[in-house]
Amino acid sequence: MATCWQGLWAYRSYLIVLLLPILLLPLPILVPSKEAYCAYTIILMALFWCTEALPLAVTALFPIILFPMMGILDASEVCIEYLKDTNVLFIGGLFVAIAVEHWNLHKRIALSVLLLIGVRPALLLLGFMLVTAFLSMWISNTATTAMMVPIAHAVLEQLHGTPKDIEEGTDNPTFELQEPNSKKEVTKLDNGQATPVAAAPSKPKVQKTQEQIRFTQCMSLCVCYSASIGGIATLTGTTPNLVLQGQVSSIFPQNPNVVNFASWFGFAFPTMVILLILAWLWLQVLFLGFNFRKNFGFGEQENERKDAALQVIHREHKLLGPMSFAEKAVTILFVALVLLWFTREPGFFEGWGNLAFPNDKGESMASDGTVAIFISIIMFILPSKIPGLTQNPEKPGRLKAPPALLNWKTVSEKMPWNIVFLLGGGFALAKGSEKSGLSAWLGDKLAPLQSIPPPATAFLLCLLVATFTECASNVATTTLFLPILASMAQAICLHPLYVMLPCTLAASLAFMLPVATPPNAIVFSFGGLKVSDMARAGFLLNIIGVLVITLAINSWAIPIFDLHTFPFWAQFNTTTQCLLNTTTPGP
């Protein structure tokens, strides 16, 4: 009997892929309508995404097959959804992030900030959290965590006086830009082979005090939590943010680009700062206790260890050498990208996009994706060294030009193409829901929710999404929930962004389980943590996160997105009367 169960478990993915489509067949057979056909597709994809029986990107391709066969959309209409402007923004943003990582600019930033802050316990925690959060705003959360964890452990080993090779963090096999969407893909490939992430570095058996163990646990958690928190601050910081932008553009094509880099930053950056500070205080209280005076300073006997820990950071920084021409060029281009993003169409004044490239309505024809691709192409053109006549060492007597700042080989190795398909699958589902009439049907069924106060609705939905994202990919979570939330908001005459924005942020609140998000898995693989430690710290942090998001959506988000009225671009055939009244999302 045991062997039978083991066999079923071993072949569970194959059984799920074969049985689920058959078990769900009664829905389209008994209810032969386009709404039921679309619901069949969505439920099937949701279950495949939750069970991960197939790679997430492969499941995202289902609409290309099912929607034309079911008469919901033409194949040409479905395929267009897989490379929209949001996908282009994602690709361009990652081009720039790959260049930053390729030339080690992110590591230089991290070490410089840590040298400035010092190694007192509370300040050391704050330093690592600030650096990790800032870097994850621009590059992958996974890459940031994989770089910061070895540095943190090297500093801690010196701080605690244990013998360990302090150079361990200089060559980190887990360091790669790709951010897997699948939780289990962090530790296993599709063929079941373990990846380097799961292989923690070997270290000698050294006795540590309970206080040192707690501080090590605290440091590990602060890195992975701040990576997830930092990603919410920018539109390109983590994939769910881009899912929201794409879904808003797909479901509400008449919207005047309400979710752009500047508007998102104005809403999400203060939210990130507040949540980061509260997470820092909570981790201190949980692992270091209430003795803040001790947390902010060492005794005299600790000076030698403090100096040794600083030496680790100094040595790592010295190994980078002086700032190269390539690093300076990437820095200038990166700053230019951010400035162009902010000033393209800020909303509160005429941006360069409105002035230089306006359409008939005065809106910018250039998008954030246009800017990202423009800067990326410059990186493929500019040389990585000051142009000069240098000899080719491989072929004496011949001149050799320096390589460009970015090349396609590096991009192809680092680019997570699977996310492009996953984003496209979500946009295809949203389009199919609209065309089939499923969105309208959902809206009618959810109309009774209008009696619930909007703040309570937003709070409960945030809790639901934050719970769901602990056991499912945050990208899959937002892809599934956002179209439903949009239909609900239209049905109850509520601004769609009032529920879509907080739930997108809540999808990044995956703090409780190692498999909840790639940064958690990386930290857990380095050892020193139990699942109970992460669950204990993450549970209250999830609650804190939901409360902070609720505060944000009911305060500074209202003027940024004009949430106190029902927008004209969200009008729906059954909710036209919403335009006659305003809906104030507040108590």
Side-chain angles (χ1 to χ4, degrees), residues 16-51 53-87 242-255 420-447 473 475-491 496 500 569-575:
I16 290 171
V17 171
L18 291 173
L19 294 178
L20 271 182
I22 299 172
L23 293 174
L24 293 174
L25 273 179
L27 174 61
I29 292 174
L30 297 178
V31 188
S33 64
K34 288 186 178 181
E35 293 92 333
Y37 297 157
C38 187
Y40 173 83
T41 304
I42 292 175
I43 295 171
L44 182 63
M45 291 176 65
L47 292 174
F48 278 167
W49 273 333
C50 293
T51 58
L54 288 174
L56 300 187
V58 174
T59 302
L61 298 174
F62 276 30
I64 298 177
I65 303 170
L66 296 178
F67 281 175
M69 291 174 60
M70 293 174 170
I72 297 172
L73 286 171
D74 290 337
S76 58
E77 292 181 276
V78 180
C79 293
I80 275 181
E81 301 296 321
Y82 283 81
L83 200 58
K84 295 170 72 74
D85 181 64
T86 301
N87 300 71
L242 289 170
V243 173
L244 169 73
Q245 189 202 38
Q247 296 279 22
V248 170
S249 299
S250 178
I251 299 171
F252 309 110
Q254 294 183 351
N255 87 87
V420 177
F421 293 118
L422 190 58
L423 283 170
F427 302 152
L429 284 182
K431 191 72 172 179
S433 298
E434 178 191 354
K435 289 290 184 179
S436 67
L438 181 62
S439 294
W441 180 85
L442 278 174
D444 292 337
K445 298 301 178 185
L446 294 172
S473 162
V475 184
T477 300
T478 47
T479 301
L480 292 171
F481 274 90
L482 290 183
I484 299 173
L485 296 176
S487 299
M488 182 201 75
Q490 288 177 307
M500 296 175 77
W569 45 263
Q571 62 180 320
F572 196 51
N573 56 358
T574 59
T575 57

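Everything numeric here is computed off the predicted structure, so don't read it as measured data.
- Ala60 approaches Tyr82 most closely through the heavy-atom pair O-OH, 2.5 Å.
- No donor-acceptor distance shorter than 3.5 angstrom exists from the side chain of Ser250 to the backbone of Gly246, with no hydrogens or angles considered.
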_For Val243 and Val475: C-alpha separation, side-chain torsions, deciding distance, then whether side chain to side chain contact (heavy atoms under 4.5 Å, CB included) applies._
CA-CA 7 Å; Val243 173; Val475 184; 4.0 Å; yes
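- The minimum heavy-atom distance between Leu485 and Met500, with the atom names listed, is CB-CG, 4.3 Å.
- The only option from Ile251, Ile484, Ile42 that meets the side chain to side chain contact (heavy atoms under 4.5 Å, CB included) definition with Ser433 turns out to be Ile42.
- Proximity of Ser487 to Lys445: side-chain heavy atoms (C-beta onward) are nowhere separated by under 4.5 Å.
- In this structure, Phe67 CZ and Lys34 NZ are separated by 11.5 Å, a value rounded to the nearest 0.5 Å.
- For Trp49 (side chain) and Leu56 (main-chain N/O), a donor-acceptor pair under 3.5 Å exists by modelled atom type.
- Closest approach of Phe62 to Val58, counting heavy atoms only: CD1-O, 3.7 Å.
- Panel note: side chain Tyr40, backbone Pro21; a donor-acceptor pair is recorded below 3.5 Å.
- Of the possible polar contacts, one joining the Asn87 side chain to the Val420 backbone as a donor-acceptor pair under 3.5 Å is found.
- No side-chain heavy atom of Tyr37 sits under 4.5 Å from any side-chain heavy atom of Thr41.
- The OG1 atom of Thr59 sits 9.0 Å away from the CG atom of Leu422 when rounded to the nearest 0.5 Å.
- With contacts defined as side-chain heavy-atom distances shorter than 4.5 Å, the pair Thr479/Gln247 qualifies.
- The shortest non-hydrogen separation linking Ile65 to Pro68 is O-CD, 3.5 Å.
- Of the possible polar contacts, none joining the Gln490 side chain to the Pro496 backbone as a donor-acceptor pair under 3.5 Å is found.
- Distance check: Asn255 CG to Gln245 CD gives 9.0 Å after rounding to the nearest 0.5 Å.
- Interatomic distance, CG of Leu73 versus CD of Glu434, reported as 9.0 Å (0.5 Å rounding).
- For the pair Ala53 and Ile16, the tightest heavy-atom approach, listed with the atom from each and the gap, is CB-CG2, 3.7 Å.
- To the nearest 0.5 Å, atoms SG (Cys38) and CH2 (Trp441) are separated by 11.5 Å.
- Contact check for Val17 versus Leu54: side-chain heavy atoms found under the 4.5 Å cut-off.
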*For Leu429 and Glu81, run side chain to side chain contact (heavy atoms under 4.5 Å, CB included): C-alpha distance rounded to whole Å, both residues' side-chain angles, the deciding distance at 0.1 Å, then the answer.*
CA-CA 9 Å; Leu429 284 182; Glu81 301 296 321; over 6 Å; no
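- A pairwise comparison of heavy atoms in Phe427 and Leu242 identifies CZ-O, 4.2 Å as the closest pair.
- Summarising the geometry, atom OG belonging to Ser439 is positioned 10.0 Å from atom CD belonging to Glu35; distances are rounded to the nearest 0.5 Å.
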